[in-house]
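Taking it in order: structure first as structure tokens, then the write-up.
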Amino acid sequence: GNCGFMMYYQCFARHIAQVPVFMSALIQAATMAAAMEPADRVLILTANAATLQPGKDKLLLESGIQMTNSEKFLIRGCEKLAGFDAVANAERVDTIRVQKAIS
């Protein structure tokens with residue numbers, strides 16, 4: 001999948017699938033944490049931080065991160081970036097406009 005929110009379905013998909021399933025890039029969190037220095041942090045960019053943040057610990061736990069390590073993962077939303085409102089409206093994102101807003 002290409003959306004962190006799909007991680008909510010990872011456990012269900014894993015139990016019903018006959019092949020490996022990766023519903024979200026967040027499934028890589030455990031691998032990343034193992035390769036990081038203790039003081040390193042990972043920035044998770046999401047369409048809406050307020051929506052993803054409350055489930056952060058559960059999502060990380062399901063990807064293999066112990067709750068004590070969840071502070072390594074910072075969640076920041078892109079919802080206020082110029083042009084990114086298209087995501088919430090299920091419209092085509094003007095990537096050039098969004099990239100300029102990030103710069």
Side-chain angles (χ1 to χ4, degrees):
N2 66 350
C3 176
F5 293 102
M6 294 301 291
M7 190 64 188
Y8 286 111
Y9 304 103
Q10 177 67 34
C11 193
F12 174 73
R14 183 177 56 225
H15 289 293
I16 65 168
Q18 302 295 317
V19 296
V21 175
F22 304 97
M23 296 296 293
S24 167
L26 290 177
I27 200 73
Q28 299 174 51
T31 302
M32 291 172 52
M36 294 167 45
E37 294 292 329
D40 289 346
R41 297 167 118 191
V42 173
L43 175 62
I44 299 171
L45 296 175
T46 181
N48 188 305
T51 306
L52 188 62
Q53 186 68 41
K56 172 185 163 188
D57 288 340
K58 181 179 187 302
L59 294 174
L60 291 173
L61 183 64
E62 288 181 1
S63 70
I65 300 296
Q66 294 179 356
M67 300 296 261
T68 57
N69 292 337
S70 72
E71 66 276 357
K72 287 181 156 293
F73 296 86
L74 306 172
I75 294 176
R76 297 295 181 263
C78 297
E79 62 271 11
K80 294 182 182 176
L81 289 174
F84 207 80
D85 54 324
V87 172
N89 298 327
E91 298 170 351
R92 184 171 184 220
V93 176
D94 181 346
T95 56
I96 294 172
R97 183 175 179 208
V98 173
Q99 287 173 1
K100 287 180 183 177
I102 292 172
S103 300

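Each residue takes its place number in the sequence, starting with 1.
The cluster map of Ile, Leu, Val, Met, Phe, Trp and Tyr, joined by side-chain heavy atoms under 4.5 Å apart, puts Val87 and Ile102 in the same cluster. Neither Leu81 nor Leu74 shares a network with the other; the hydrophobic side chains, linked directly or stepwise wherever heavy atoms of I, L, V, M, F, W or Y lie under 4.5 Å apart, form separate groups for each. Val93 and Leu45 fall into different hydrophobic clusters, where Ile, Leu, Val, Met, Phe, Trp and Tyr residues are linked whenever their side-chain heavy atoms come under 4.5 Å apart, directly or through other members.
For Ile16, the CD1 atom sits in a packed shell: over 12 heavy atoms of surrounding residues, nucleotides or ligands are nearer than 6.0 Å.
Tested against Arg76, the residues Leu43, Ile44, Thr46 include a single side-chain contact (heavy atoms from CB on, under 4.5 Å) partner, Leu43.
For Glu79 (side chain) and Phe84 (main-chain N/O), no donor-acceptor pair under 3.5 Å exists by modelled atom type. Side-chain atoms of Asn89 come within 3.5 Å of backbone N or O of Asp85 as a donor-acceptor pair.
Closest approach of Ala49 and Pro54 over heavy atoms only: O-CD, 4.4 Å.
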Verdict with reasoning, Met36 to Val42, per side chain to side chain contact (heavy atoms under 4.5 Å, CB included): CA-CA 9 Å; Met36 294 167 45; Val42 173; 3.3 Å; yes
